[in-house]
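Report on one structure; see the data block that follows.
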Amino acid sequence: MANVLVTGASKGFGFLIVKTLLKDGHRVAAGMRGVGGKNGAAAAELKAAGAAPVELDVTDEASVNRAVASAGALDVVVNNAGVGVLGLQENFTPEDWKRVFDVNVFGVQRVNRAALPGMRERRAGLLIHVSSLLGRMVIPFYGPYNATKHALEALADNYRVELSGFGVESVLVEPGGYGTSFMDAMLRPSDASRDASYGPLAGAPEKAFAAFAKRLTGPDAPDPQRVADVVAGLVRAPRGKRPFRSTVDRTPMGEAVEACNRTAEEQQARVYAAFGIADVLTAKV
């Protein structure tokens, strides 16, 4: 049984991940904002299932530190909290970009920094980062989100390398599109004053998203439980046997990203071997 902290646990993937890990017998701290407020119903449901809801705002370092401390000695952290966007990239202001990065990248770093001293001291631990296919391949109209997930991929990879000698593993889960509540809370650009100069393209983001969302709610829509199952499988897997990247998608884009990942892994191993540091790509104590 592992002691696990899941961020962004009030809905979507996070909610499913908590419930799935509980079924596997793990002790789970379900991190979310508004435990006693807007997310009170979700917190109550997860508590009834056996989780320990904990107030956690990944954009607030003090909140992160309190949540991690209250969770006890962590074996696993699932960095799931995230926010999406939709719109023409030019229309997102620098402040918009900061907001998205604060959750999707800096929030992960805050959580990892709080959890890692204990993991390194115990010479064991697992960081699971919920990324996206968009962290490997860009799709238009999701600009800041694309950028944060590309950054998250690099962050997780660098942790994989620097932590391998401490017995701590860092891995990525790369879902495709799934019809969860995540889709309902996507941020739009703060500045629409440039729409006119884009002509018909100005309306393309909402049109494209509407068509995409329709595919994700139909009878053949992909089941987001698949993402939770992959996360649970990574937790169950023995150290040293976990893949660094796990795609969760059955579309041509998923297949393309898997091919990209295989090539990247091969070439990274080749470069590291040339520098005499190939051993850092596998967890060794």
Side-chain angles (χ1 to χ4, degrees), residues 7-8 10-17 33 38-39 42 58-59 79-105 107 129-153 172-228 230 247-258 260:
T7 71
S10 65
K11 56 188 177 182
F13 293 150
F15 189 86
L16 294 174
I17 289 168
R33 295 180 299 167
K38 68 175 185 176
N39 290 319
V58 298
T59 68
N79 284 297
N80 167 75
V83 61
V85 307
L86 178 70
L88 294 173
Q89 181 164 277
E90 187 178 342
N91 286 352
F92 288 96
T93 67
E95 290 304 315
D96 293 336
W97 281 75
K98 289 178 183 177
R99 183 178 176 187
V100 181
F101 266 82
D102 202 22
V103 176
N104 293 0
V105 182
H129 305 87
V130 180
S131 180
S132 169
L133 296 185
L134 298 184
R136 303 296 277 163
M137 187 175 295
V138 168
I139 294 292
F141 313 136
Y142 304 101
Y145 182 77
N146 291 332
T148 61
K149 291 305 182 180
H150 274 71
L152 179 62
E153 295 269 335
L172 286 154
V173 176
E174 299 169 335
Y178 288 88
T180 71
S181 54
F182 177 85
M183 307 286 285
D184 301 327
M186 300 178 80
L187 302 178
R188 267 62 172 182
S190 293
D191 181 10
S193 65
R194 306 181 185 203
D195 277 356
S197 61
Y198 268 88
L201 188 62
E206 295 293 343
K207 290 179 181 178
F209 180 71
F212 181 51
K214 187 175 181 180
R215 291 199 299 272
L216 296 181
T217 56
D220 297 322
D223 185 357
Q225 180 62 41
R226 293 185 61 231
V227 177
V230 168
T247 60
V248 195
D249 188 80
R250 293 174 177 168
T251 68
M253 184 174 177
E255 294 171 359
V257 169
E258 285 184 355
C260 174

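The structure presented is a predicted model; accordingly, all values stated were derived computationally and were not measured.
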Taking atom types as modelled, is there a side-chain donor on [X] or [Y] under 3.5 Å from an acceptor on the other?
{"X": "D249", "Y": "T251", "value": "yes"}
{"X": "T247", "Y": "E258", "value": "yes"}
{"X": "E90", "Y": "Y198", "value": "yes"}

For [X] and [Y], work out which heavy atoms get closest and say how close.
{"X": "P175", "Y": "S131", "answer": "CD-O, 3.3 Å"}
{"X": "A42", "Y": "S10", "answer": "CB-O, 3.4 Å"}
{"X": "L152", "Y": "V130", "answer": "CD2-O, 3.6 Å"}
{"X": "V227", "Y": "Y178", "answer": "CG2-CE1, 3.8 Å"}
{"X": "A185", "Y": "K11", "answer": "CB-NZ, 4.3 Å"}
{"X": "P144", "Y": "V85", "answer": "CD-CG2, 3.8 Å"}

Once you round to the nearest 0.5 Å, how far does [atom1] of [X] lie from [atom2] of [Y]?
{"X": "N91", "Y": "S193", "atom1": "CG", "atom2": "OG", "answer": "7.0 Å"}
{"X": "E95", "Y": "D102", "atom1": "CD", "atom2": "CG", "answer": "10.5 Å"}
{"X": "T59", "Y": "K98", "atom1": "OG1", "atom2": "NZ", "answer": "14.5 Å"}
{"X": "E174", "Y": "M253", "atom1": "CD", "atom2": "CE", "answer": "9.5 Å"}

When you measure from the side chain of [X] to the backbone N and O of [Y], does any donor-acceptor pair fall under 3.5 Å?
{"X": "H150", "Y": "L134", "answer": "yes"}
{"X": "K149", "Y": "M137", "answer": "no"}
{"X": "N80", "Y": "G8", "answer": "yes"}
{"X": "D191", "Y": "T93", "answer": "no"}
{"X": "N104", "Y": "V83", "answer": "yes"}
{"X": "N39", "Y": "R33", "answer": "yes"}
{"X": "T7", "Y": "A81", "answer": "yes"}

Checklist entry - Checking side chain to side chain contact (heavy atoms under 4.5 Å, CB included) for the pair K207/F141: CA distance, chi angles, key distance, verdict? => result CA-CA 11 Å; K207 290 179 181 178; F141 313 136; over 6 Å; no

Next on the checklist: A cation-pi test, strictly: NZ or CZ of R188 under 6.0 Å from the centre of the six-membered ring of F209 and no more than 45 degrees from its axis. Yes or no?
Outcome noted: yes

Checklist entry - Hey, mind stepping through L86 and L187 against side chain to side chain contact (heavy atoms under 4.5 Å, CB included) and telling me if it holds? => result CA-CA 6 Å; L86 178 70; L187 302 178; over 6 Å; no

Next on the checklist: Closer than 4.0 angstrom, basic N to acidic O: yes or no for R250 and E255?
Outcome noted: no

Next on the checklist: Could you walk me through whether Y145 and M186 satisfy the side chain to side chain contact (heavy atoms under 4.5 Å, CB included) test, starting with their C-alpha distance in whole Å, then the side-chain angles of each, then the deciding distance to 0.1 Å, before giving a yes or no?
Outcome noted: CA-CA 10 Å; Y145 182 77; M186 300 178 80; over 6 Å; no

Next on the checklist: With a 4.5 Å cut-off on side-chain heavy atoms, are F13 and P224 touching?
Outcome noted: yes

Checklist entry - Is there a side-chain contact between P189 and L88 (heavy atoms, below 4.5 Å)? => result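 A side-chain contact under 4.5 Å is absent here.
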
